[in-house]
Amino acid sequence: MRCAFAMAILNDFLSAWMRQAFQDCCPPEDLAAIATAPAANPDFGDYQCNAAMGLARRLRQAPREIAAAAMAGAPACPAVAKLECAGPGFINITLDDQWLATQIDLMAHDFERLGVPCPGAGRTVLLDYSSPNIAKPMHIGHIRSTVIGNALDRLHRFLGYRVLADNHLGDWGTQFGILIMGYRHFADQAALASAPVEELERLYVRSYEQARADHAWMDQCRAELVKLQAGDPENHRLWQQFVDLSMGEFDRIYRRLDVAFDLTRGESFYHEQLPGLIDTLVERGLARASEGALVAFLEEEKLPPCIVRKSDGAFNYAATDVATIVSRLQEFQPDRIIYVTDERQQLHFRQIFAIARRLGIEAELAHVWFGLMRLPEGTFSTRQGNVIKLERLLDEAEARALELVRQSSPAMPPAQQREVARAVGLGAVKYADLSQNPQSLVTFSWDKALALNGNSAPYLQYAHARIRSVLDKYQERHPDIRLDSQPILLGHPLERRLALHLLRFPEAVLQAAQLYRPSILADYLYELAGHYSSFYQNLPFLKEKAGRRESRVRLCALVASVLHRGLDLLGITAPDRI
RNA sequence: GUACCUGUAGCUCAAUUGGAUAGAGCAUCUGACUACGGAUCAGAAGGUUGCAGGUUCGAUUCCUGCCAGGUACGCCA
């Protein structure tokens, strides 16, 4: 039997091959679980299959015997050079050098996609991320949703999905009642003209303090919100002014972060649909009056009750979010809606999704949450005024990077130095958030957010720039050689290891998107840069004799392409010079 | 009280979702300077994976119970 699998994901290819090997000695229902994995240790070959041990109990047979049977049953495969049984029953797979070289050659010729498939073709994903609140400055707590969401956006687009990135602004909540009261009583028009969002923030904090001490004030705030939601022209005018002022600042930051949305629809966009939604919920028995409010009871889902309309008649976040799902499905028919928010909203989304299911909505609904960013002294909040503004973080990052660029590239023109510093500083900040498991707690620290060495974006950018520089030198010295027709030779273990890792790029991209964890791609790139740096430091290539020299230069070029593309998928720029 | 998350080297984080000797970075120490970019590389040292049980060939990973921290839980978003 010939080996006839398409090689898109190396591990899937080998897993499918192993399933064939096990076909005769494994019950059919267990076949699907058989898979390979990269070897834990280079001594064990390149890939391993651990299925024999798992089957031993079911088959009442020694795992090594099962492994031996599978190895005997394995169809011939040009990819595999050696198959060994080791330890209690591991099957160790060593790939064929020539085959690896051919795969690298194919990958290098796939200049645009580098072997990454397009599983999202024909599917639509709506991505809801960033979503800051109007009238509050963007602070470092907002960067996680923005950066993680944007990376998921780029990953899904690259995988062929039609992506609609929607910035679901908080432009319709209680804060406007508080803000309107603050504006009426404390507004400083001069400050509003010169630093609008700071002034709005000040008014909000001032009015909120008042409300905490003064019940009548709080009641008045609520009343102003109800008036706004009921269409009061004066409150609506103020609201529009607050929105416009905030959007000016948000747009400036998004441009700087290289983040773009297809839609910017705040909660207010769905405002008119809320009464109809509430009627539907009541008609279908999904919500009923309770203590003056309208509440959806979700006992079947083992979830606490969810208020969809407050006793003062105002709609809340829950109502808006359900209406948003309904509206999005009607207008765009997404196969999936992904929300990126912090951990505090887990229960909220479980409730919202439960209500959506009861309304008969079938689209896949995913909540990607991440740990709240804290300061060493605790949580920060606008109300307490202990926030670190996002722009200040970005300024600091660029300043530190600029200092470094000036030191290491003094000959570079100042304008280019600034451009490089922008990419490096911004990359460092983004990478700090993207390179770790989103669900862990994060305590903000300047040194961590702005790290320029070790496992950081600048390390990857540096590796990339070094390669570009070497490639230029090669071009100068050998302008007549057509590189892409030169054979790939994998003789040295460092070359081989690099090649093997390069071939895992498609898998890293796919996994990062499927598991909603950009950190998987970041880890992959960091390891790639590490393998490359060892290779670079320990093996000559421009000085190597012809043939091997071309092979190594081609490997370098492919590493550069993968780093550039991979960083781009994380929203990070890799300059040619650094 | 209930639910979810976190706990791994001095510090910050990994561990291919149950695999072989738990890996990186920072900090510390030792090497590599006629180099193709030293923002680097090679190496050393650093661990009872919060604690106690259980499941099995095998547990950082799954189950149970504790401990510590975080977050949420009918009128915030």
- Note on the structure: Per the glycosidic torsion and the 90° limit around 0, nucleotide B:U34 is anti
- In whole angstroms, the gap separating P of B:G38 from OH of A:Y532 amounts to 10 Å
- Please report, rounded to the nearest Å, how far the C1' atom of B:G74 is from the CG atom of A:L298. 12 Å
- Beyond-backbone contact of A:L426 with A:I572, side-chain heavy atoms, under 4.5 angstrom: no
- Item | Separation of the P atoms in B:C66 and B:U48, to the nearest angstrom | 26 Å
- Message: What's the gap between B:G53 and B:G69 when it is taken at their C1' atoms, as a whole Å value?
- Response: 23 Å
- Sole residue of A:Y317, A:Y129, A:Y270 in ring pair (Phe, Tyr, Trp, His ring centres under 6.0 Å) with A:H168: A:Y270
- Tell me which nucleotide among B:A14, B:U16, B:U71 gets nearest to the side chain of A:P38. B:U16
- Any donor-acceptor pair under 3.5 Å between the side chain of A:E343 and the base of B:U71? no
- Item | Short side-chain N/O contact from A:R309 to OP1 or OP2 of B:C75, under 4.0 Å | no
- Message: Is the phosphate of B:A77 approached by A:Y317 (side-chain N or O, under 4.0 Å from OP1 or OP2)?
- Response: no
- Distance below 4.0 Å between A:Q436 side-chain N/O and B:C13 OP1 or OP2: yes
- Using the P atom as the reference point in each nucleotide, state the distance between B:C57 and B:A14 in Å, no decimals. 32 Å
- Do A:F44 and the base of B:A20 stack face to face, with centres under 5.5 Å apart and an angle between planes under 30°? yes
- Query: Nearest to the side chain of A:R222 - B:G37, B:C36, B:C76?
  - Reply: B:C76
- Using a cut-off of 4.0 Å on non-hydrogen atoms, how would the nucleic acid contact of A:W369 be classed: base, sugar-phosphate, or nothing? sugar-phosphate
- Considering only atom P, compute the distance from B:G50 to B:A22 and round it to an integer number of Å. 15 Å
- Task: Validate the cation-pi geometry between A:K136 and A:Y204: distance from NZ or CZ to the six-membered ring centre under 6.0 Å, angle to the ring axis within 45°.
- Result: yes
- Message: For B:G19, is there a stacking contact with A:F90, counting only centres under 5.5 Å and planes under 30°?
- Response: no
- Item | Whole angstrom value for the distance that separates P of B:A39 from CG of A:L452 | 12 Å
- Message: Measure OH/A:Y516 against C1'/B:C5 and give the value in whole Å, please.
- Response: 19 Å
- Item | Test: A:D472 and A:R577 ion pair at under 4.0 Å | yes
- Task: Starting from the 5' end of RNA chain B, give me the residue, A:V420 or A:F541, whose nearest nucleotide shows up first.
- Result: A:F541
- Message: Output the rounded distance in Å from CD1 (A:I578) to P (B:G37).
- Response: 14 Å
- Nearest-Å distance once atom C1' is located in both B:U34 and B:C29: 28 Å
- Task: Please state whether the phosphate of B:A15, meaning OP1 or OP2, lies under 4.0 angstrom from any side-chain nitrogen or oxygen of A:R517.
- Result: yes
- Non-neighbouring partners of A:S131 that pass side-chain hydrogen bond (donor to acceptor under 3.5 Å, both in side chains), sequence neighbours left out: A:D128
- B:G74, B:C57, B:A39: which one has an atom nearest the side-chain heavy atoms of A:I307? B:G74
- Task: May I ask you to say what A:N50 touches in the nucleic acid, namely base, sugar-phosphate or nothing, with a heavy-atom cut-off under 4.0 Å?
- Result: base
- Query: Would the A:F541 and A:Y474 ring centres measure less than 6.0 Å apart?
  - Reply: no
- In whole angstrom, give me the gap between the C1' atoms of B:U49 and B:U21. 15 Å
- Query: Within the modelled atom types, does a donor on one side and an acceptor on the other bring the side chain of A:D447 and the base of B:A27 under 3.5 Å apart?
  - Reply: no
- Message: Check the phosphate of B:A77 against A:K136, side-chain N and O only, distance under 4.0 Å to OP1 or OP2. Yes or no?
- Response: no
- Note on the structure: Taking B:C5, B:G74, B:A20 as options, the one with an atom nearest any side-chain atom of A:N92 is B:A20
- Query: How close or far is atom P of B:C36 from atom CG of A:L539, stated in whole angstroms?
  - Reply: 15 Å
- Please state whether the phosphate of B:C41, meaning OP1 or OP2, lies under 4.0 angstrom from any side-chain nitrogen or oxygen of A:Y459. yes
- Phosphate-side-chain proximity, A:K310 and B:C76, N/O vs OP1/OP2 below 4.0 Å: yes
- Is there a side-chain polar atom (N or O) of A:K448 under 4.0 Å from OP1 or OP2 of B:C11? no
- For RNA chain B, whose closest nucleotide is more 5', that of A:D43 or that of A:K473? A:D43
- Picking from B:U16, B:G74, B:A77, which would you name as closest to the side chain of A:Q175? B:A77
- Note on the structure: A:R466 atom CZ is separated from B:C41 atom C1', nearest whole Å, by 8 Å
- Which whole number of Å gives the distance between the C1' atom of B:C41 and that of B:U55? 46 Å
- Answer with base, sugar-phosphate or nothing: what part of the nucleic acid does A:L471 contact at a heavy-atom distance below 4.0 Å? nothing
- Message: Does A:D171 reach a base, just sugar-phosphate, or nothing at all? Heavy atoms under 4.0 Å.
- Response: nothing
- Assign A:S533 to base, sugar-phosphate, or nothing according to its heavy-atom contacts below 4.0 angstrom with the strands shown. sugar-phosphate
- Query: Counting just side-chain N and O atoms, does A:Y536 come under 4.0 Å of either OP1 or OP2 of B:G38?
  - Reply: yes
- Message: Students often get this wrong, so: under 4.0 angstrom with heavy atoms, is A:V470 touching a base, only sugar-phosphate, or nothing?
- Response: sugar-phosphate
- Query: What is the nucleic acid contact for A:L347, judged by heavy atoms within less than 4.0 Å: base, sugar-phosphate only, or nothing?
  - Reply: sugar-phosphate
- Looking at the side chain of A:Y526, which of B:G74, B:U71, B:G25 is the nearest nucleotide? B:G25
- Task: With the side chain of A:S469 defined as its heavy atoms from C-beta on, choose the nearest nucleotide among B:G37, B:A77, B:U21.
- Result: B:G37
- Task: Describe the nucleic acid contact of A:P540 in one word from base, sugar-phosphate, nothing, applying a heavy-atom distance below 4.0 Å.
- Result: base
- Is A:I520 touching bases, backbone alone, or none of the nucleic acid, heavy atoms closer than 4.0 Å? nothing
- Query: Nearest to the side chain of A:Q345, which nucleotide is it out of B:A77, B:A20, B:U16?
  - Reply: B:A77
- Query: Going through the distances and angles, do A:Y339 and A:F353 end up as a ring-ring contact (aromatic ring centres under 6.0 Å, His included)?
  - Reply: CA-CA 11 Å; A:Y339 295 84; A:F353 293 172; 5.8 Å; yes
- Message: Can you see if the side chain of A:S534 gets near the phosphate of B:A42 - specifically, an N or O under 4.0 Å from OP1 or OP2?
- Response: yes
- Task: From the options A:H501, A:E495, A:R497, select the one residue that forms a side chain to side chain donor-acceptor pair (under 3.5 Å) with A:H531.
- Result: A:R497
- Using the C1' atom on both, measure B:G31 against B:A45 and round to a whole Å. 15 Å
- Message: Using a 4.0 Å heavy-atom cut-off, does A:R577 contact any base of the nucleic acid, only the sugar-phosphate backbone, or nothing at all?
- Response: base
- Message: Within the structure provided, determine whether A:Q175 and A:Y208 are in side-chain contact (heavy-atom separation under 4.5 Å).
- Response: no
- Query: Any side-chain heavy atom of A:C221 within less than 4.5 Å of one from A:S207?
  - Reply: yes
- For A:L525 and B:A24, give me the distance from atom CG to atom C1', rounded to whole Å. 15 Å
